[in-house]
Amino acid sequence: MLYFHYFSGIMSERRVRVRFAPSPTGGLHIGGVRTALFNYLLAKKHGGDFILRIEDTDQNRFVEGAEEYIINALKWCGIEPNEGIGFGDGAHAPYRQSERKPMYRQYAERLVESGHAYYAFDTEEELDKWREDMTAQGVPSPQYNAVTRQYLKNSTSLSADEVKTRMERGDKYVVRFKMPRNDDVKFHDLIRGWVTFNTSQLDDKVLLKNDGMPTYHLAHVVDDTLMEISHAIRGEEWLPSAPLHVLCFRALGWESTMPQYAHLPLILNPDGKGKLSKRYADKLGFPSFPLSWTTTNKETGAPELNVGYKETGFFPDAFINFLALIGWHPGGDKELITLDEMIELFSLEKVHKAGARFDYEKAKWFNQQYLKARSNVELAAAVKKDIEAAGFTLGDSKLAEYCGLIKERATFITDVVTLGMYLYKDIQYYDDETIKKKWKPEIKSKWDEYVASKDLSALEADVMMNEFIAFTGLKTGEIMPVLRVALAGILQGPPVVDMAKFLGAKGTAERLKKSFDYFESVR
RNA sequence: GCCGCGUUCGUCUAUCGGUUAGGACACCUCCCUUUCACGGAGGUAAGAGGGGUUCGACUCCCCUACGCGGUACCA
């Protein structure tokens with residue numbers, strides 16, 4: 001509802017409004033989903049607004065379908081914004097920065113007028129060349145700053161006339177922030193506390209590009225202000241440019257409504273080397289996107305399908321639970337928590353500072369826990385389509401029974417379909433090795449003998465199995481593996497008697513006969 | 001290189017000056033089950049190093065090391 005604004009100078013109460021602001025440059029990756037999640041949690045915790053803003057200021061990197069993907073991913077995760085692209089316009093439309101393009105220029109101009117920014121005419125080629133030369137001379141990362149701007153082509157170094165003619169002539173130019181030469185910029189981060197940077201380390205960042213689009217820096221300062229954003233929660237990779245942003249707010253006279261920053265720790269690759277990347281995920285065999293997403297191979301140009309968490313068989317609630325606990329911990333020993341509980345428990349102060357390695361094994365464990373907790377009926381509904389497509393022809397209650405038999409053994413919802421396939425269609429594979437070791441022809445003759453005198457329609461399958469085992473006179477260790485393979489084909493799965501019950505006396509008898517005949521042929 | 005941020009079991013983490021440093025994943029042992037799994041019981045395993053401050057530091061400060069991030073007319 002209302003949030004106590006601690007560090008704004010004047011203590012004020014402010015409605016919590018947060019935004020998730022991805023670039024439509026491809027599929028949303030796991031780190032992005034977690035950023036969205038933390039934004040969502042803070043908004044819900046305080047009864048505020050969660051906004052989806054699309055930061056598409058770089059036309060070159062725009063990817064078709066990415067925006068729709070982001071919307072669908074948030075929907076699947078169950079963390080839907082209540083305002084913004086795909087979720088309804090509020091009072092601050094439009095929410096796509098490309099559509100807000102005309103709004104930004106005036107603020108860039110304002111900064112130029114107030115002496116906080118200037119025009120620069122250097123072309124990208126000239127700058128590339130200049131950086132190259134500087135690097136060759138031993139400057140590791142050349143800065144466009146208080147010193148170098150004096151000899152580069154801009155309105156601080158050129159005469160007023162020259163600037164005027166260039167602009168009238170239609171020369172392309174950018175607007176750069178005029179970074180002070182040597183000032184300390186101090187700001188408070190909700191996760192890290194006070195952070196200080198010296199402006200001598202910062203350069204004159206481009207605010208408005210030569211195509212008239214703002215860069216991220218200007219765009220988010222303007223939009224966060226106009227959209228009345230109270231908290232800016234983003235990845236740690238933004239921390240180094242935060243002082244620039246603070247200075248922009250200040251120069252525009254917006255410091256009092258500046259959002260409070262919270263820089264999230266990064267999700268690292270499992271070996272701790274670098275930000276979690278698709279490349280690593282691919283290599284180690286786990287998904288990096290919530291939903292499947294097709295990318296284009298940079299070398300071959302061929303389309304590549306990246307299977308998502310959803311398609312792998314993750315439940316959204318399990319996925320979110322797992323993600324929430326990367327870099328955040330509410331205290332206590334409870335790990336299985338619902339979204340509502342997360343909202344209740346959430347606070348940015350409890351977010352960790354250090355980066356966290358991604359652990360796919362733990363992700364699987366979460367899913368397994370959620371799977372086990374689902375009712376048989378729920379699982380049946382979730383799996384019905386796939387399982388019917390795979391050959392299951394029985395009714396819903398039978399399908400639920402099947403799910404109950406299988407779920408303890410499954411990690412993914414997709415496992416439920418495949419793990420007990422032999423129960424709803426013919427056995428596709430037999431473990432011949434076990435048969436070669438365990439098969440005794442007398443089992444078949446005993447079975448024929450046993451079953452000849454029985455009325456299968458009047459017999460319970462479990463009773464039948466127990467009677468038959470006793471009838472063979474064999475030790476359970478001798479007979480059980482054979483019966484298991486005869487019913488399932490493999491040495492895994494639910495208890496033999498339970499499988500028999502599922503198959504029914506008649507179904508079990510048919511299957512035993514068929515399997516025993518086969519066993520005779522392989523022994 | 002420079003700047004920033006960080007550093008508790010292999011991994012995710014609890015601890016907010018006084019604990020036998022707790023939990024979870026993974027791993028190992030045993031039990032349950034003559035299958036696989038689930039479940040249960042137990043086990044191995046941690047405060048990067050060095051200085052301070054303090055009666056007392058994982059906890060506060062400094063230095064070092066290491067890791068990550070940033071250093072674009074990308075976000």
Side-chain angles (χ1 to χ4, degrees), chain A residues 21-25 55-58 60-61 97 120 122-124 127-128 131 138-144 172-176 189 191-193 195-198 200-203 205-217 219-220 234-243 263 265-266 268-275 322 325-336 349-350 352-366 368-369 372 406-411 419 431 434 475-481 483-485 488 490-496 499:
Chain A
S23 291
T25 54
E55 310 226 326
D56 55 349
T57 52
D58 186 352
N60 300 322
R61 298 210 308 156
Q97 291 183 330
D122 325 82
T123 65
E124 292 182 65
L127 285 175
D128 285 346
R131 287 202 182 91
V139 181
S141 49
Q143 281 190 322
Y144 205 124
K172 294 245 184 186
Y173 64 90
V174 302
V175 175
R176 284 182 180 273
D189 182 286
I191 294 169
R192 285 148 215 285
V195 181
T196 308
F197 284 81
N198 190 283
S200 62
Q201 300 301 324
L202 275 17
D203 60 354
K205 278 276 178 291
V206 170
L207 263 20
L208 198 71
K209 304 189 249 189
N210 73 189
D211 62 359
M213 275 289 194
T215 57
Y216 169 85
H217 307 296
H220 104 273
R234 51 167 29 170
E236 192 185 356
E237 69 267 29
W238 290 108
L239 194 53
S241 55
H263 290 93
L266 264 16
L268 272 16
N269 284 312
D271 62 2
K273 298 240 177 294
K275 276 194 280 188
F322 164 66
L325 263 15
I326 300 179
W328 172 66
H329 195 286
D333 289 340
K334 207 176 159 198
E335 291 199 283
L336 267 10
E349 285 76 15
K350 285 283 190 179
H352 250 256
K353 295 179 177 72
R357 300 183 192 202
F358 188 82
D359 183 358
Y360 189 55
E361 292 305 315
K362 191 117 186 198
K364 288 197 285 191
W365 177 79
F366 271 100
Q368 186 187 47
Q369 298 303 310
K372 263 198 319 179
I406 290 303
K407 71 174 176 184
E408 294 283 303
R409 299 168 166 74
T411 296
L419 242 34
D431 178 357
T434 298
K475 286 186 280 191
T476 44
E478 295 175 301
I479 183 73
M480 280 303 203
L483 292 177
R484 171 170 294 285
V485 175
I490 53 176
L491 230 36
Q492 293 165 12
V496 167
M499 289 196 288

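Here is how names work: the chains are called A, B, and so on, in the same order as the sequence lines, proteins then strands, and each is numbered from 1. Just the heavy atoms: all of them, side chains too, but no hydrogens, waters or symmetry mates, feed the values below.
- For Asp56(A), the side-chain hydrogen bond (donor to acceptor under 3.5 Å, both in side chains) partners at least two apart in sequence or on another chain are Ser98(A).
- Pro494(A) comes within 4.0 angstrom of a base, heavy atoms only.
- Atom CD of Glu335(A) is separated from atom P of rG22(B) by 16 Å (rounded to the nearest Å).
- A distance-only check finds a donor-acceptor pair linking the side chain of Asn269(A) to the backbone of Lys275(A) [under 3.5 Å].
- Residues meeting the side-chain hydrogen bond (donor to acceptor under 3.5 Å, both in side chains) test with Asp359(A), sequence neighbours left out: none.
- Which of rG4(B), rU35(B), rG23(B) sits closest to the side chain of Asp333(A) comes down to rG23(B).
- Atom name C1', nucleotides rU35(B) and rC27(B): the rounded distance is 23 Å, in whole Å.
- A donor N or O paired with an acceptor N or O is found under 3.5 Å between the base of rA24(B) and the side-chain atoms of Lys362(A).
- When heavy atoms are screened at a 4.0 angstrom cut-off, Val485(A) is found touching no nucleic acid atom at all.
- With rounding to whole Å, Ile191(A) atom CD1 is found 12 Å from rC5(B) atom C1'.
- As the counterpart of rU11(B), rA24(B) is assigned, both hydrogen-bonding distances of the Watson-Crick or G-U wobble pattern falling under 3.5 Å.
- Across the P atoms, rC12(B) and rU7(B) are found 12 Å apart, a figure rounded to whole Å.
- Nucleotide rG47(B) is matched to nothing when pairs are restricted to Watson-Crick or G-U wobble geometry with both distances under 3.5 angstrom.
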Name the pairs: protein N/O against N/O of nucleotides 37-40 of chain B, kept only if under 3.5 Å.
residue : atom : partner   : partner atom : Å
rA37(B) : O2'  : Glu408(A) : O            : 2.6
rC38(B) : O3'  : Lys372(A) : NZ           : 2.9
rC38(B) : O2'  : Glu408(A) : OE1          : 2.6
rG39(B) : OP1  : Lys372(A) : NZ           : 2.8

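- Atoms NE2 (His329(A)) and C1' (rU11(B)) sit 14 Å apart, rounded to a whole Å.
- Comparing the same atom, P, in rG6(B) and in rG10(B) gives a spacing of 23 Å after rounding to whole Å.
- Between the CE atom of Met499(A) and the C1' atom of rU35(B) there is a distance of 8 Å, given to the nearest Å.
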Any chance you could list the contact pattern along nucleotides 57-64 of chain B? Use B for base contacts, S for sugar-phosphate-only contacts and - for none, protein heavy atoms under 4.0 Å, 5' to 3'.
--------
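- Residues satisfying the salt bridge (charged side-chain N to carboxylate O under 4.0 Å, His left out) test with Lys475(A), not counting sequence neighbours, are none.
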Heavy-atom contacts, protein to nucleotides 69-75 of chain B, under 4.0 Å, summarised as B (base), S (sugar-phosphate only) or - (none) per nt, yield SSB-BBB
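- If you take atom C1' in rA24(B) and the same atom in rU8(B), they sit 15 Å apart, rounded to whole Å.
- OP1 or OP2 of rA14(B) has at least one side-chain nitrogen or oxygen of His352(A) nearer than 4.0 Å.
- In this structure, Tyr360(A) has its ring center at least 6.0 angstrom away from the ring center of Phe322(A).
- Here Asp271(A) pairs with Tyr280(A) under the side-chain hydrogen bond (donor to acceptor under 3.5 Å, both in side chains) rule; sequence neighbours left out.
- Scored by the salt bridge (charged side-chain N to carboxylate O under 4.0 Å, His left out) test, Asp122(A) finds no partners at all (sequence neighbours excluded).
- Taking the P atoms as reference points, rG18(B) lies 15 Å from rG22(B), given to the whole Å.
- Applying the ring pair (Phe, Tyr, Trp, His ring centres under 6.0 Å) criterion to Trp238(A), with sequence neighbours excluded, gives Tyr216(A).
- Note on Arg484(A): a base of the nucleic acid sits closer than 4.0 angstrom, heavy atoms only.
- At the heavy-atom level, Gly327(A) lies under 4.0 Å from the strands shown only through sugar-phosphate atoms.
- The main-chain N or O of Val206(A) is found under 3.5 Å from a side-chain atom of Thr215(A) such that the two form a donor-acceptor pair.
- Comparing Val195(A) and Val496(A) against RNA chain B, the residue whose closest nucleotide sits nearer the 5' end is Val195(A).
- With hydrogens and angles disregarded, a donor-acceptor distance shorter than 3.5 Å links the side chain of Arg484(A) to the backbone of Gln492(A).
- The separation of rU33(B) from rG47(B), taken at their C1' atoms, amounts to 41 Å, rounded to a whole angstrom.
- Within the 4.0 Å cut-off from OP1 or OP2 of rU15(B), at least one side-chain nitrogen or oxygen of Lys350(A) is found.
- Taking atom P on both nucleotides, rA72(B) is separated from rC16(B) by 43 Å, rounded to a whole Å.
- Remark: Arg409(A) pairs with no residue by the salt bridge (charged side-chain N to carboxylate O under 4.0 Å, His left out) rule, at least two apart or across chains.
- In this entry rA57(B) has no Watson-Crick or G-U wobble partner, no candidate having both defining distances under 3.5 Å.
- rC5(B) atom P lies 11 Å from atom NZ of Lys353(A), rounded to whole Å.
- Atom pair Ile326(A):CD1 and rA24(B):C1' shows a separation of 14 Å (rounding to whole Å applied).
- The separation of rG23(B) from rA45(B), taken at their C1' atoms, amounts to 14 Å, rounded to a whole angstrom.
- Put simply, CG on Leu336(A) is 13 Å from C1' on rG23(B), counting in whole angstrom units.
- Taking atom CG of Asn198(A) as the reference point, atom P of rC3(B) lies 10 Å away to the nearest angstrom.
- rC68(B): Watson-Crick or G-U partner is rG4(B), with both key distances under 3.5 Å.
- For Thr434(A), the side-chain hydrogen bond (donor to acceptor under 3.5 Å, both in side chains) partners at least two apart in sequence or on another chain are Asp431(A).
- Counting any heavy atom pair closer than 4.0 Å across all strands shown, Gly477(A) reaches a base atom.
- Look at rC30(B): its Watson-Crick or wobble partner, with both distances under 3.5 angstrom, is rG40(B).
- Every salt bridge (charged side-chain N to carboxylate O under 4.0 Å, His left out) that Glu478(A) has, sequence neighbours left out, goes to Lys440(A).
- The backbone N or O of Gln201(A) sits less than 3.5 Å from a side-chain atom of Gln143(A), completing a donor-acceptor pair.
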